[in-house]
Amino acid sequence: MTAAPSPASFTAFVDAARGLGVRFERLGRHFGTKRVLENIDLSIPAGQFVAIVGKSGCGKSTLLRLVAGLDQPSSGRLLFDGAHDGEALRIMFQEPRLLPWERVLANVEVGLPATVKGEERHERARAILAEVGLADRADEWPSVLSGGQKQRVALARALASGPRLLALDEPLGALDALTRIEMQGLVERIWLEQRFTAILVTHDVSEALALADRVLLIDGGRVALDLDVELPRPRPRGSAELARLEGRILQQLFGS
Amino acid sequence: MSLAELDAPVATSGKKADARGRLDLSSVEARIAGWVLPVLLVAAWEYLSRIGYIAPNVLPAPSAVARAGWQALKSGELAHNMGVSTLRALAGLVVGGGIGLALGIANGLSELSRRYTDTTLQMIRNVPHLALIPLVILWFGIEEEAKLFLVALGVFFPIYINTLHGVRTVDPQLIEMGRVYGMSPFTLFRRVILPGALPSIFVGLRFALGIMWLTLIVAETIAASSGLGYMAMQAREFLLVDIVVLAILIYALLGKLADVLTRWLERTCLQWHPAFQTPAHG
């Protein structure tokens, strides 16, 4: 990955740092008689990087789908402190979900607002592709890219509209360990530049601790642990402090 | 030392030339491979006719067929009949294929439309369309409408079924992505659903082309006053076996031509598909 080839050209398109805050009020979601989420009360301030961890099927992805508007709550409310239309709120999926019949550049353009036309569309998409280090792959078909490259294109697509809130649904879960670390660095760098609100769902506790300001542990449909991670960035991997926090979260998950 | 240095470039350039030569040969081989068998068959046929093993009133020699073809071409009869047949085939394909495509898309997208029309269509599908010929002659006589109707009915089903299948099996994850990325229903259709269904639609088109010729020739053989099938039937009346054989060979060539055109169309429209990408760049 090239190190930030032209950050200025990209950030020029994005308004000044502004995130979108979210508040959950007694939020619940049931599927039939199964209560996946119950009475969640939470406040995520603008610009915060929140990681949601938990066992498979604990409802963490459901929570994210509610935030992204892909699902509606059964009870309670979800409040945003501003407009939360498609362009302000973007989701990045676990799979890249690129259109295989469009070139990489056109795939990134999917994320641009419809109001951006003509040459400016290409220009902006190119700038974002450069940001994720794939400027030279703009004219390729997605099928020739590696898994990590596809996910970087998906990230570029998610960022194209300059979202105020980015929902990340285990986006790095399917990548190999080294590519994942590289991608974590990329996500952190872009988040530091743009300061959108980020909600990352992950099953990887160390990933949550490497990236997030705050880690939420969901268990049995409730928030079982709400932990602030006040460590300076970039956080060195394998530090004693991270290990201590990881131990605490894992103990909460599996302990007694 | 000097020997090795001198040898190396010579050796590599020699190897390169060799590899290129082999590459050319193998690509030529790949291109003509399909035609080896037909050419051999025709040669054997000519030989057996010349030595008198095959009687000319059973199967005339290829050279005799070629002469008959040349005569028919000179008189303009062949071109006229081929033109008439091709036009009928294409008209039927456009009408039947168009309706099949439209209904396939409608039923693929709308549960309501599918609930109300699919059962009817499946029932009609199981009637052999050539069984309708007597009825069609009663309705339309032996005019153009009869052929158009039969060809359109024949090509309708392969295109309908494959379009429906294609639209219904587009990756739902991509559709969800399109929705949350703010695509309008029309944009979603144009950028996600239609391209996703296209490989399946092409399968339908290739089936349809086969059925198109079959239907047309049968219809022209039974009831027509022009076209290739009519030409063959007329020739039979006057025992012109060479013209009958000529007509059959032309069907084979037209079938191959239609297949080549579809393949070309597929390669152009499905460039993104890994199956249509050259491995050198993949």
Side-chain angles (χ1 to χ4, degrees), chain A residues 61 64-71 83-116 125 137 139-146 150 153-154 156-161 163 165-169 171 174, chain B residues 101 104-105 108-109 162-163 165-206 262-282:
Chain A
S61 282
L64 196 76
R65 293 178 69 85
L66 288 172
V67 174
L70 289 171
D71 196 4
H84 57 281
D85 53 27
E87 284 149 30
L89 199 160
R90 282 294 191 222
I91 184 165
M92 192 177 161
F93 302 97
Q94 180 167 10
E95 318 78 23
R97 301 199 189 184
L98 303 180
L99 299 174
W101 40 82
E102 300 205 0
R103 309 254 178 195
V104 165
L105 192 71
N107 264 292
V108 175
E109 287 173 15
V110 167
L112 285 168
T115 48
V116 183
R137 311 304 294 269
D139 298 321
E140 305 263 20
W141 297 112
S143 60
V144 304
L145 301 182
S146 71
K150 283 181 191 162
V153 176
R157 180 180 64 190
L159 294 170
S161 63
L165 190 155
L166 185 62
L168 302 137
D169 188 4
Chain B
L101 189 70
I105 289 170
L109 295 176
N162 285 287
T163 305
H165 173 78
V167 170
R168 285 174 65 84
T169 51
V170 173
D171 186 354
Q173 292 190 331
L174 287 182
I175 296 175
E176 187 184 60
M177 184 283 294
R179 288 224 173 91
V180 295
Y181 275 78
M183 288 187 187
S184 66
F186 176 72
T187 311
L188 192 70
F189 173 74
R190 190 175 57 83
R191 292 188 72 174
V192 182
I193 295 170
L194 191 61
L198 212 53
S200 183
I201 295 174
F202 272 115
V203 172
L205 180 64
R206 290 178 72 171
T262 331
R263 275 170 192 269
W264 173 80
L265 207 61
E266 256 181 347
R267 267 201 309 276
T268 315
C269 296
L270 304 181
Q271 277 177 39
W272 56 270
H273 203 286
F276 293 93
Q277 281 165 6
T278 46
H281 301 291

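Because the structure is predicted, anything quoted here is derived from the model rather than measured. By convention in this document, chain letters (A, B, ...) are assigned in the order of the sequence lines, proteins followed by strands, and residues within each chain are numbered from 1.
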Heavy-atom distances under 4.5 Å only: say whether A:R103 touches chain B with side chain, backbone, both or neither.
side chain
All heavy atoms of B:P195 vs all of B:W272, minimum pair found to be O-CZ2, 4.0 Å
What part of A:E95 lies closer than 4.5 angstrom to a heavy atom of chain B: side chain, backbone, both or neither?
side chain
Spacing of A:L66 atom CG and A:S61 atom OG [to the nearest 0.5 Å]:
11.0 Å
Would you mind checking which part of A:A114 comes under 4.5 Å of any heavy atom in chain B, side chain (CB onward), backbone (N, CA, C, O), both or neither?
neither
Distance col, row B:I193:CD1 vs B:L198:CG, nearest 0.5 angstrom, shows 13.5 Å
Please confirm whether the backbone N or O of B:M183 pairs with a side-chain atom of B:T187, one donor and one acceptor, at under 3.5 Å?
no
Between B:R179 and chain A, which part of the residue has a heavy atom less than 4.5 Å away: side chain, backbone, both or neither?
neither
Chain B contact via A:L89 - which portion, at a heavy-atom distance below 4.5 Å:
neither
When the 4.5 angstrom heavy-atom criterion is applied to A:I91 and chain B, the contacting part is both
For A:P96 against A:A154, the heavy-atom pair lying closest together:
O-CB, 3.6 Å
